[in-house]
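In what follows, chains carry the letters A, B, and so on, assigned in the order in which the sequence lines appear, proteins first and then strands, with residues in each chain numbered from 1.
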There are 2 protein chains.
Amino acid sequence: MAKFNPELMRGSLDLMVLSILAAGPKYGYLLQQELHEASRGAVDIQAGTLYPLLHRLESDKLIRCQWDDSTGRRRKWYEINDAGRKRLAVQAREWQEYADCIRTLLATVADAVPRPA
Amino acid sequence: MAKFNPELMRGSLDLMVLSILAAGPKYGYLLQQELHEASRGAVDIQAGTLYPLLHRLESDKLIRCQWDDSTGRRRKWYEINDAGRKRLAVQAREWQEYADCIRTLLATVADAVPRPA
DNA sequence: CTGAATACATCGCCTGCATATATATAGCGT
DNA sequence: ACGCTATATATATGCAGGCGATGTATTCAG
């Protein structure tokens, strides 16, 4: 699977991260890998994107975090909360509506564009 | 239909504009309205967004334009060309792959989020 | 011991959309 | 005639957020 245009992912990265976190607590690096696998290699969120994003979600009180210093590897575990789940539901619904909108738009011109090779 | 979060539309405005133009030549203001109607009011692309976007598409040789000064209302008609149609096909395919990716991601956590009211 | 992988963080740059502003004409009501 | 709204295009300014680069530190494999 080819990498997606980054501009396309703007506006749905939050949604993706919240989705992954909805499956259970994760630390950043793990989340990064799971998102990569879940998208079959298409989504490769960079560290410089992920960590600020997580900090933003935290300051918005959608997730809470906790350091685990018990091992040599310091890990910061993130867990989605009720507000986060609610936000996820809202954003998921909004995204589906948007996707329907685009799909409709594309369907009306489907015969006006050349077939992809 | 409520207005979409602008961040959500980033990266797909080109796609939408090319889609509308694939149906036939349009001038900016008309395109703006047709996109508004086609999305049942959800997409309201602003003039300050639309015109620079059209200029970009033009300088990328995906559309060509022509002034119509025959009436008092100066209108700049835009028409999609072969390169534009090809780009539209590519972007449409890319978008559908991306949408599938998100849909899959959301499906796996569908039972972990509260039902929207 | 060296290099790669793990793990988190921050900074500066760039893209692209929003807002605001500007210009000018057409058409309508009063 | 006057003012308001709609039509029609254009640019400047600002900002949010993702990217690449860079930094720190630990673990593990060769």
Side-chain angles (χ1 to χ4, degrees), chain A residues 3-18 20-21 25-37 39 42-60 62-63 65-78 91 98 102, chain B residues 3-18 20-21 25-37 39 42-60 62-63 65-78 91 95 98:
Chain A
K3 244 183 70 180
F4 294 125
N5 177 353
E7 282 301 318
L8 210 55
M9 294 194 281
R10 268 190 85 141
S12 27
L13 273 184
D14 287 14
L15 177 63
M16 288 193 266
V17 167
L18 287 175
I20 296 287
L21 286 178
K26 305 273 185 293
Y27 57 91
Y29 191 79
L30 178 60
L31 197 154
Q32 186 182 23
Q33 291 179 116
E34 290 200 3
L35 190 51
H36 187 74
E37 284 159 28
S39 66
V43 177
D44 191 15
I45 187 170
Q46 298 304 305
T49 300
L50 178 60
Y51 293 110
L53 191 158
L54 285 169
H55 299 160
R56 211 163 50 238
L57 292 178
E58 193 198 350
S59 75
D60 288 348
L62 301 174
I63 60 180
C65 76
Q66 197 176 353
W67 279 105
D68 174 17
D69 289 318
S70 65
T71 65
R73 288 249 186 274
R74 281 169 76 250
R75 282 168 180 162
K76 204 171 176 181
W77 288 82
Y78 290 95
Q91 285 195 355
Y98 182 61
I102 299 278
Chain B
K3 241 183 75 177
F4 294 125
N5 178 352
E7 282 299 318
L8 209 57
M9 294 193 282
R10 276 189 82 126
S12 29
L13 276 182
D14 286 16
L15 177 62
M16 288 192 269
V17 167
L18 287 175
I20 297 287
L21 286 179
K26 305 275 185 292
Y27 58 92
Y29 191 80
L30 178 59
L31 197 153
Q32 186 183 22
Q33 290 180 115
E34 290 200 3
L35 190 50
H36 187 74
E37 285 160 27
S39 65
V43 177
D44 192 15
I45 187 170
Q46 297 304 304
T49 299
L50 178 61
Y51 293 109
L53 191 158
L54 285 169
H55 299 161
R56 211 164 49 239
L57 291 179
E58 192 198 350
S59 74
D60 287 348
L62 300 174
I63 60 181
C65 75
Q66 196 176 354
W67 278 103
D68 174 18
D69 289 318
S70 66
T71 66
R73 290 250 185 271
R74 282 169 76 252
R75 284 170 180 162
K76 203 170 176 181
W77 289 82
Y78 290 96
Q91 285 193 357
W95 192 88
Y98 182 62

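Residue-level contact check: B:Trp77 touches neither bases nor backbone, having no heavy atom under 4.0 Å from any strand.
Rounded to an integer number of Å, the gap from B:Leu50 CG to C:dA18 C1' is 13 Å. Computed from coordinates, the B:Glu58 CD to D:dA10 P distance equals 9 Å when rounded to whole Å. The nearest whole Å value for the distance from the CG atom in B:Asp69 to the P atom in C:dT25 is 12 Å. For B:Lys76 and D:dA10, the NZ to C1' distance is 9 Å, given to the nearest whole Å. If you measure from atom CD of B:Gln32 to atom C1' of D:dT9, you get 11 Å, rounded to the nearest angstrom. The nearest whole Å value for the distance from the CG atom in B:Leu57 to the P atom in D:dA10 is 13 Å. Taking atom CG of B:Asn5 as the reference point, atom P of C:dA18 lies 10 Å away to the nearest angstrom. Atom pair A:Tyr29:OH and C:dA9:C1' shows a separation of 15 Å (rounding to whole Å applied).
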Filtered N/O pairs between nucleotides 25-30 of chain D and protein, under 3.5 Å:
residue, atom, partner, partner atom, Å
D:dT26, O2, A:Arg73, NH1, 2.3
D:dT26, O2, A:Arg73, NH2, 3.4
D:dT27, O4', A:Arg73, NH1, 3.2
D:dT27, O4', A:Arg73, NH2, 3.1

What's touching nucleotides 18-22 of chain D from the protein side, N or O pairs under 3.5 Å?
residue, atom, partner, partner atom, Å
D:dG18, OP2, A:Arg56, NH2, 3.2
D:dC19, OP2, A:Thr49, OG1, 2.4

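Taking only side-chain nitrogens and oxygens, B:His55 comes nearer than 4.0 Å to OP1 or OP2 of D:dT11. Between A:Tyr27 and C:dA7 there is a side-chain polar atom (N or O) within less than 4.0 angstrom of OP1 or OP2. For B:Tyr51, no side-chain nitrogen or oxygen approaches OP1 or OP2 of D:dA10 to under 4.0 Å.
Within the 4.5 Å cutoff, side-chain heavy atoms of A:Ile63 are placed close to those of A:Leu18. Looking at A:Phe4 and B:Trp95, their side chains never come closer than 4.5 Å, going by heavy atoms from C-beta outward. No side-chain heavy atom of A:Tyr27 sits under 4.5 Å from any side-chain heavy atom of A:Trp67. A heavy-atom distance below 4.5 Å is not found between the side chains of B:Lys3 and B:Met9. Side-chain contact between A:Asn5 and B:Gln91 is absent, with no heavy-atom pair separated by less than 4.5 Å.
Comparing C:dA5, D:dT9, C:dG16 by their nearest atom to the side chain of A:Glu7 picks out C:dG16.
A distance of 11.5 Å separates CD of A:Gln46 from OH of A:Tyr51, quoted to the nearest 0.5 Å.
Other residues, nucleotides and ligands place more than 12 heavy atoms under 6.0 Å from the CD atom of A:Gln33.
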